[in-house]
Each structure stands twice: as structure tokens, then as C-alpha cells.
Amino acid sequence: MKKSIILLAAVILLAGCATVEDSESADKAVYETINAAVVGDRVMNVAARLGYMPKVMSVRASQWPKAKEYPAKLVGCPVKVTMKDKTILPAMIDKYSLDTVLVEKNDNFCVLMKKADCMKIVPVIKDKNVKIETFDFSESPEEGIMAVAEYFGKEKEGKKLVKKYRRDLAAAEKKISSVNPGTNVVVLRGIEKADTGRIFISAESKGFYTDQYFLEPFGCSNISDKLNTNKNQIVKGYFPVLDLSVLKEANPDVIVLFGAREGLVKAIDKAVSKNPELGDIPAIKNNKIITDLPWFIGSDVFEYPEILTKWIEAFSSL
């Protein structure tokens, strides 16, 4: 069992290594620095794609790895600067002599934390001598893209980005019909403790990002909540899984792994060794454990069609 699971993980991981980008799909190699701060992932994403880089940014970098590649000063997520420490952005405005703050308006900014709202920064900085510009992504990504593009006087470029986004998304969505609906899925995340190598396992509850962007459009069901036999509190979409034997009760067709994936594969193998009945679970018996799919929270507007395609291809090949 161990050999088969690890072999599957290696094969699927290798299959997802290659990516293709063209000049329209990549952020600019050289940015024009603007004397501003950005609060909000999607505004940051679009500004960077148009070639503009603020001096300061507040985005969900812990959930959006690409953000750490941007040369702007990261001052924490929007929840931190709007609620936990309201002194951060005013201090950055003074330190860098900023004259503008670009803010994302989004009624559904973060599914993981409903209280997250970039617009809460407005009263925090109302007494600072800065212009506050807001960009509405509530209705659609396209509306937000054009709002940012128009602000920078890049309407033509914005229209091109919207056209490409729509084309790529439509092409991806056409492929959804190749996915077998009705598949029962468990979503696990592993966090490895650096000093001990111990893996802490949690499961993604129903109704969060994996459902919103992938499983619901596929007609698949996230049954991870069946693992929550102790009714543990759901925090940022996840609850702890202390014993993988609960997988037997859930009986998933597919298991998707995020985070410390290699450690999760080993943990599943160890659980099967201790409890051979787990080997009869369809996901394990049929080697349907997926280890290479990207975690996505909607921060990168332009990456979604490509990521959706990867998920479709993975589920279509099961």
C-alpha cells in the first residue's frame, strides 16, 4: 500500500510541474513604482499585471504565495491593518510619505474570515493626508480589472486583460463536462512542525474555497465534515483531524491533499498499516489521492482559468 500511494503521489506531482505562460499572462518584469499603498489582493494583482507597484501592500500573503514575490513592503493582511493593529498603515504612510491608498471593495473578500473587509481601512486613515481610491470587485473580476485599469489610464490594456480572462475561463469551463459529477471528496491539509517533523492534519469544511471554485462547479461533494466526529470548531475553513481512521466512515472516492503533502501521504500509509480496513476506502483502494493541485483563494484573478483547468484535468483522469 505504501509503495502504491507514494508512486501515485510522485506521478501526479510530476504531471503538474509544467506551466505555460505568454506575454499576456505574466506580470510585468519591471514595475513603475507608485507612491501608494494597496489594501486588497485583487487590486494588487491587477496593478502588478498592468506594471504598477505600490511601496506598501496589505494582502493575504500567507494564503497567496505569489504575493511574496512582489517588491512592495508587506505589512500584513487586511484583517491585521484594519482590526488587529490600526497603527500599521498610518505609520507606513508617514514613513514612506505616501499620498494615495488603493483599496479593494468586495462584499465577499475572504470566505475564510467573513469579518475581513478592506474598506474598514478607510476610517483608520481618514485623518491622514492621502487620497483614497476604491475599486469594486463585488460584481465580477472583469468590473474590478477595468476599474483599476481606468484609474491608471490603461483602458486599452484593461480591455485586453478582460478579453483574455473571459476567453481562458470559457475554454476551461467547457471542459467541466469531462468531470464525473457525484464524486465524494475529502480535502486534507498538512502542516509540518519544523523542529520535529510532526504533521498536523486538518480537513477543509464544506462551503469554502475548494467548494466555491472547483467542487461545486464540478457537481462533486465535499464530504470532509464527516471526519469531524468530535464537532471541533471550524477555524478559517478547517478543523483538526487527530485520527485518520475516521476516513473509513466518510468513505471518500477521492482525497485531495494540500500543504505538507508528502507527510500526509506517509500519514495515510501509516494509518492503513495500523488499520488495514482503511485500504478498502475507494480513494485509497483505487489510488485516487491527488497531491499536486494548487490551493486557490481568488487572490490572483488571472490565474484562475489555468488553475481551474488543472483541477478539471486531474478529476477527469480519475
Enquirer: Please check: side-chain N/O of N228 versus main-chain N/O of N232, any donor-acceptor pairing under 3.5 Å?
Expert: yes
Enquirer: For F200, does the six-membered ring have the charged nitrogen or CZ of R189 within the cation-pi criterion, i.e. under 6.0 angstrom from the centroid and within 45° of the normal?
Expert: no
Enquirer: List the atom pairs, donor and acceptor, that lie under 3.5 Å between side-chain atoms in residues 83-103 and the rest of the protein, sequence neighbours left out.
Expert:
from, atom 1, to, atom 2, distance (Å)
D85, OD1, T87, N, 3.1
D85, OD1, T87, OG1, 2.5
D94, OD1, K128, NZ, 2.9
D94, OD2, K128, NZ, 3.0
D99, OD2, N35, ND2, 3.2

Enquirer: Is there a salt bridge (Lys or Arg N to Asp or Glu O under 4.0 Å) between D195 and K193? Walk through the geometry before answering.
Expert: CA-CA 6 Å; D195 56 345; K193 203 167 185 297; 3.0 Å; yes
Enquirer: Could you list the cluster mates of L242? Members are the ILVMFWY residues connected by side-chain heavy atoms closer than 4.5 Å, either directly or through other members.
Expert: none
Enquirer: State which residues pass side-chain hydrogen bond (donor to acceptor under 3.5 Å, both in side chains) with S245; sequence neighbours excluded, sorted by chain then number.
Expert: D243
Enquirer: So, using side-chain hydrogen bond (donor to acceptor under 3.5 Å, both in side chains) as the criterion, who are the partners of R198 when residues are at least two apart?
Expert: none
Enquirer: Assert yes or no for the condition that the ring centre distance of Y31 to Y52 is strictly below 6.0 Å.
Expert: no
Enquirer: Side chains of D225 and S205: is there a donor and an acceptor less than 3.5 Å apart?
Expert: yes
Enquirer: Could you walk me through whether K248 and N275 pass side chain to side chain contact (heavy atoms under 4.5 Å, CB included), step by step?
Expert: CA-CA 10 Å; K248 181 65 177 175; N275 185 357; 5.6 Å; no
Enquirer: Cation-pi check, R42 to F135: give yes when NZ or CZ is under 6.0 Å from the six-membered ring centre and within 45° of the ring axis, no otherwise.
Expert: no
Enquirer: Under the ring-ring contact (aromatic ring centres under 6.0 Å, His included) rule, collect the residues that match up with F239, sequence neighbours excluded.
Expert: none
Enquirer: Between V241 and S202, is the side chain to side chain contact (heavy atoms under 4.5 Å, CB included) condition met? List the steps.
Expert: CA-CA 5 Å; V241 178; S202 57; 5.6 Å; no
Enquirer: According to ring-ring contact (aromatic ring centres under 6.0 Å, His included), who are the partners of F137, at least two apart in sequence or on a separate chain?
Expert: none
Enquirer: Would the distance check show the side chain of R166 and the main-chain N or O of V162 forming a donor-acceptor pair, the cut-off being under 3.5 Å?
Expert: no
